[in-house]
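Structure first, then comments.
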Amino acid sequence: MHDALYNLSATELNRLFVRGQVSAVEIAEAFLARIEAVEPRLHAFLTVTADSAVETARELDAKRAAGEPLGPLAGVPVAVKDNVAVDGVRMTCGSKMLAEYVIPYDATVVRRLKDAGAIIVGKTNMDEFAMGSSGENSAFGTTRNPWDTARVPGGSSSGSAASVAARVVPLAIGSDTGGSIRQPAALTGIVGFKPTYGYVSRYGLAALASSLDQIGPFARDVHDAARLFSIIAGYDPLDSTSADVPAPQPEFPSEPDLKGVRFGMPREYFGEGIDAEVKARLDEAVATLQDLGAEVEECSLPHSKYGLQAYYVILPAEASANLARFDGVRYGHRAKDVADVAEMYVKTRTEGFGHEVKRRIMIGTYVLSSDVYDKYYKKAQQIRTLVARDFDRVFEEFDALITPTSPEVAWPLGERHDDPIRTYAADVCTIPVNLAGLPAVSVPCGFAHGLPVGLQLVGKRFEDSRLLQFAWAYQQVTEFHKVQPPLNTEGGR
Amino acid sequence: MPTGRSEPQTLQVVIHMALTVDDIRQIARLARLELSAEEERLFTDQLNQLIEQVEEMGQVDTEGVPPMYHPLATQHIREDKPRASMPQEKALDQAPDVEAGCFRVPKITEG
């Protein structure tokens with residue numbers, strides 16, 4: 001029985017537990033054993049919360065025995081990216097700056113997970129402060145891609161994606177600022193969903209770029225992703241940017257049907273730089289959507305290509321301001337042997353931050369300096385308006401948009417070491433979505449060069465449930481999300 | 001830390017010209033970072049490369065376009081009234097140095 005548990009979806013695990021066919025402790029122990037077995041090859045976790053997971057499971061078993069109500073995630077193991085706060089657990093953000101930091105409160109999403117009966121099994125590896133697309137910027141070693149452990153899993157939510165793909169957990173929480181949920185989901189062959197900005201509370205998420213950051217789910221199928229989304233979404237007074245809208249409850253029909261649904265294919269997202277095999281998988285996905293009754297037409301988002309440039313400015317600007325809080329005074333690393341407080345700031349930050357973080361702080365500090373503020377920062381925000389207006393215009397005609405999630409498949413570890421321009425460019429299809437604050441989901445749509453390819457569907461603001469219905473329909477008639485990576489079947493390469 | 005949010009700061013750089021190693025040192029000072037000689041060289045090159053890319057924004061006519069600082073039109077601000085918060089002990093628990101219920105730092109000197 002235990003051997004099979006880790007292959008089950010969140011929905012199936014919850015059902016088995018609620019019906020009394022398996023205990024929560026059995027589930028927790030099975031998944032903790034799975035983590036232990038896979039971690040040496042995967043390195044998806046920075047902290048495994050084995051004790052508290054078993055304790056939570058015992059409480060769940062007691063609740064069930066007493067006939068108390070059980071939540072919609074009761075008995076379901078969940079992993080949480082290490083920039084989202086879990087009370088009393090170390091939270092590093094993938095940085096030496098916070099190597100020993102134990103956060104004293106729960107993020108709102110974590111509070112909601114716990115209330116729903118989820119078993120939190122650990123904190124996942126990530127690029128330092130979520131800056132990166134490969135996972136290689138973690139201060140604590142790189143997470144491997146379960147499809148080929150010599151390749152990157154994508155980033156920045158590397159460990160969350162890899163752990164779901166390798167069936168170490170059925171669900172994980174990530175954060176997405178420019179593609180950090182969708183891109184690793186695509187590169188590891190799973191579902192990653194970035195909700196509309198404001199739908200999920202950011203309280204307890206370590207801020208990277210506050211106007212772009214959004215928390216969202218990883219799962220192996222859309223149904224599970226929607227289940228997690230419906231629990232974490234909804235208004236939160238603790239986040240001033242939380243939208244005052246009710247939590248969505250996505251429902252799925254009995255049969256997939258996309259009759260009358262209009263999809264746009266923005267031609268700028270299929271231009272140069274896209275791998276030919278990736279493009280072929282996207283064409284096949286389009287044909288599948290058409291078979292389901294959808295109408296697909298080309299459209300144009302002319303300013304999206306400048307979105308990348310605007311993002312180069314906006315992200316570091318916001319990040320440099322957000323990371324100003326790391327000064328060694330209140331928590332985290334503090335440099336020793338300093339003459340005065342000024343030296344303490346400099347030494348603390350110099351010792352605590354990694355290379356990529358320093359680079360982006362430098363860029364942000366520069367673009368916010370008075371001489372170039374209008375030229376770069378203000379200009380970028382004006383371009384952001386144009387990027388968002390393009391989306392508004394095409395959404396008058398279309399219900400959702402189809403793009404690749406990533407123009408390429410997972411690349412070899414170390415290949416782009418210290419080549420920021422090339423690494424940043426990998427996020428070209430995902431970044432404009434964050435600039436406009438829209439929802440988007442990546443679903444597996446086949447393989448190129450033997451590695452997973454992701455289909456990105458972009459939806460209208462706060463029509464997240466409808467977007468997930470489209471993605472669900474696609475998964476009902478495709479099998480790509482059921483294919484297991486070699487790490488699971490061959491014992492790893 | 002005294003580096004401000006979006007407070008524009010004075011930086012003596014000649015616009016339209018590539019950033020020099022001296023400019024990089026000045027930016028690092030504002031960011032409260034100390035760079036190695038290697039990092040200074042690398043960041044000079046990389047920031048210049050990046051700025052070259054960012055310059056492409058100049059191709060877009062943004063005359064009269066309002067800047068979009070945030071994806072949401074409205075943000076709610078909670079009522080300014082006292083409520084229970086984290087106990088002092090817990091808030092100070094992770095501090096590197098504490099004295100008498102306060103964060104303790106090395107001496108603060110001018111200049």
| query | Is A:Glu318 reaching over with its side chain to a backbone N or O of A:Ser210, donor-acceptor style, under 3.5 angstrom? | reply | yes

| query | Just checking heavy atoms, which of residues 82-92 of chain B are less than 4.5 Å from chain A? | reply | B:Arg83, B:Met86, B:Lys90

| task | Could you tell me which portion of A:Leu435 (side chain, backbone, both or neither) has an atom closer than 4.5 angstrom to a non-hydrogen atom of chain B? | result | backbone

| request: Would you mind telling me which of A:Leu386, A:Val341, A:Ile103 has the largest number of heavy-atom pairs within less than 4.5 Å of chain B? | output: A:Val341

| field | Ring centroid separation B:Phe43 to A:His355 under 6.0 Å | value | yes

| Contact leader toward chain B among A:Ile363, A:Val329, A:Val338, where contacts are heavy-atom pairs under 4.5 Å | A:Val329

| Is chain A contacted by the side chain of B:Leu50, its backbone, both, or neither, given a heavy-atom distance below 4.5 Å? | both

| field | Among the listed options A:Tyr235, A:Tyr105, A:Phe353, the residue most often paired with chain B at heavy-atom distances under 4.5 Å | value | A:Tyr235

| field | Close contacts, residues 236-245 of chain A versus chain B, judged by heavy atoms under 4.5 Å | value | A:Asp236, A:Pro237, A:Leu238, A:Asp239, A:Ser240, A:Thr241, A:Ser242

| Test of ring centre spacing under 6.0 Å for A:Tyr197 and B:His70 | yes

| message | Determine whether A:Phe129 and A:Phe326 satisfy the following criterion, ring pair (Phe, Tyr, Trp, His ring centres under 6.0 Å), listing intermediate values before the conclusion. | response | CA-CA 12 Å; A:Phe129 288 108; A:Phe326 295 102; 5.0 Å; yes

| query | Side chain, backbone, both or neither: which part of B:Asp61 has a heavy atom under 4.5 Å from chain A? | reply | backbone

| query | What part of B:Tyr69 lies closer than 4.5 angstrom to a heavy atom of chain A: side chain, backbone, both or neither? | reply | both

| request: Measure up the A:Tyr366 and A:Tyr376 rings against each other and bin them: parallel (under 30°), tilted (30 to 60°), perpendicular (over 60°). | output: tilted

| Does any heavy atom of chain B fall under 4.5 Å from the side chain of A:Tyr311, the backbone, both, or neither of them? | neither

